[in-house]
Structure formats: structure tokens, C-alpha cells
A.B. asks: 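A single structure is presented below for examination.
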Number of protein chains: 2
Amino acid sequence: MKADLFGKVLQEMRKERHLSQEKLAELCELDRTYISLLERGLRQPTLATLFKLAAALEINPSELVVRVEQKSD
Amino acid sequence: MKADLFGKVLQEMRKERHLSQEKLAELCELDRTYISLLERGLRQPTLATLFKLAAALEINPSELVVRVEQKSD
DNA sequence: TCTTATTGCAGACTATAGTCTGTAGTCTAA
DNA sequence: TTAGACTACAGACTATAGTCTGCAATAAGA
């Protein structure tokens, strides 16, 4: 699994929902700069963080993972 | 998301495959004691670790997450 | 018994997830 | 020009993921 795939998925999902990094961070109670790190592939979320992000994006956590898998092909 | 759900799923999947913690650890290049910590809900894997575990269990990472979601209900 | 396989668990450690503060760059609208 | 919204990024920090070593407990089989 390439390190930056999740970041790309996260950014796509966030932009589709017209959310700023700051607004997303607020929704999932994470730091704004950490969202930036995730999107740039400089951090890997834990499973608990994945669930928080998915909830904020109103998507199933597993669906987020599916999108990462699809990018792996 | 309750902290120990993933651990239960992991243990179920491992036992279905008749793998010891040690063998699973070897397959995904993680420490045996860490598998134990995961199964007991004392650690949360990162996304990268989730992918490693799924590969060792010969299952899609997203399918692992689906099982955690199902336990959340 | 004894041995082997398996797992829990403690303790000390290293690597990285996640926070906090601040600065600078870009873009858009007034 | 300037002000506001957005983001990249640096640095120093705290919390937790993940490793390593070793010991104790249990169960199953010779």
C-alpha cells in the first residue's frame, strides 16, 4: 500500500463535500494541521481515526478503504 | 467505535484460518506480542498495519472493516 | 511427569500518530 | 492595495503504535 493513497482519497471526499480542512477537522475533532498531513501522505490514520473521518464525511469507514484499494490497482 | 471490536474480529479471522498469533505475526511482519495487544483491544492498528494484516489473512482490508462495522450494530 | 505449543502479560524501549503555535504563500473579492 | 479564507509547512511537543526480552500459565500429547 502506497503511503499517500489514503491522503488522495481523503482530499477527494472532502472536496466533493465542499469542506475546508479546518471545517473537516472541527467535525471529527482532529487538528487542522493533521488533516493537512494526512492529505499529503505524511501520516497514516489509526482505525479509530478512520472511523472519525468517515463519520464526518458521512460515509462508511469500509467504503473509504474500498476507495484506497481501488487506487492501489 | 468501541476500542476492542477490531481485536475480536482479528481473533475470529485468525482462528478461522487455524493460525497461531506467532504465525500470523510472521506472515505480516509484526511482533507476536503486538498481535496479542491488538486482539485484546489494547492497541489500534494504523491503516498500513490493517493492510498488512488483511494480506496475511487473505481478505480485503475493506472486508475487515466491514466486519468491525457489523459488530458496531 | 516432561515437553512442546500457545498465549497473557510486564517493563523498557523506539517510532510515529496527533497537537499546538506561528509564519508565509496564494487566491478572491472589495 | 487590503482583508479574509484557505493551505503548506516548520518546530517542538505529548500520546500512542509497535518492538524486544523474558517469564508464567495452560493445555495437549508422549
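Every chain is numbered from 1 and lettered A, B, ... according to where its sequence line falls, protein lines coming before strand lines.
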A.B. asks: Using a 4.5 Å cut-off on heavy atoms from C-beta on, say whether the side chain of A:Phe51 contacts that of B:Leu5.
C.D. replies: no
A.B. asks: Measure the distance from CD on B:Glu39 to C1' on C:dC9 and round it to the nearest whole Å.
C.D. replies: 14 Å
A.B. asks: Could you tell me how far apart A:Arg17 (CZ) and D:dC6 (P) are, to the nearest whole angstrom?
C.D. replies: 18 Å
A.B. asks: Between atom NE2 in A:His18 and atom P in D:dC6, what is the gap in whole Å?
C.D. replies: 13 Å
A.B. asks: What about A:Thr33: does its side chain form a donor-acceptor pair under 3.5 Å with the base of C:dC20?
C.D. replies: yes
A.B. asks: Nearest-Å distance, CD (B:Glu22) to C1' (C:dT7)?
C.D. replies: 10 Å
A.B. asks: For B:Lys52 and A:Gln11, take the nucleotide of DNA chain D holding the closest heavy atom to each; which residue's nucleotide lies nearer the 5' end?
C.D. replies: A:Gln11
A.B. asks: Apply the test salt bridge (charged side-chain N to carboxylate O under 4.0 Å, His left out) to residues A:Glu58 and A:Arg17: give CA-CA distance (whole Å), side-chain angles for both, the deciding distance (0.1 Å), then the verdict.
C.D. replies: CA-CA 10 Å; A:Glu58 297 179 313; A:Arg17 285 154 181 73; 5.5 Å; no
A.B. asks: Round to a whole Å and report the spacing from CG of A:Leu10 to P of D:dA8.
C.D. replies: 11 Å
A.B. asks: For A:Thr46 and C:dA17, is the shortest distance between a side-chain N/O and OP1 or OP2 below 4.0 Å?
C.D. replies: no
A.B. asks: What nucleotide, of D:dA8, D:dA17, C:dA17, holds the atom closest to the side chain of B:Gln44?
C.D. replies: D:dA17
A.B. asks: For DNA chain D, whose closest nucleotide is more 5', that of A:Leu37 or that of B:Arg32?
C.D. replies: A:Leu37
A.B. asks: Among C:dT7, D:dA8, D:dT7, which nucleotide has an atom closest to any side-chain atom of B:Gln21?
C.D. replies: C:dT7
A.B. asks: Just N and O in the side chain of B:Arg43: are any of them under 4.0 Å from OP1 or OP2 of D:dT16?
C.D. replies: no
A.B. asks: In this structure, how many angstroms lie between the P atom of C:dT16 and the CG atom of B:Asp31, rounded?
C.D. replies: 15 Å
A.B. asks: I need the CG-P distance between B:Leu30 and C:dT7, as an integer number of Å.
C.D. replies: 15 Å
A.B. asks: To the nearest angstrom, how far is B:Ile35 atom CD1 from C:dT6 atom P?
C.D. replies: 14 Å
A.B. asks: How close do B:Arg43 and B:Leu38 get, counting heavy atoms only, and between which atoms?
C.D. replies: O-CD2, 3.4 Å
A.B. asks: Okay, side chain of B:Ser36, backbone of B:Arg32: is any donor-acceptor separation there less than 3.5 Å?
C.D. replies: no
A.B. asks: Salt-bridged, A:Lys8 to A:Glu12, with N to O below 4.0 Å?
C.D. replies: no
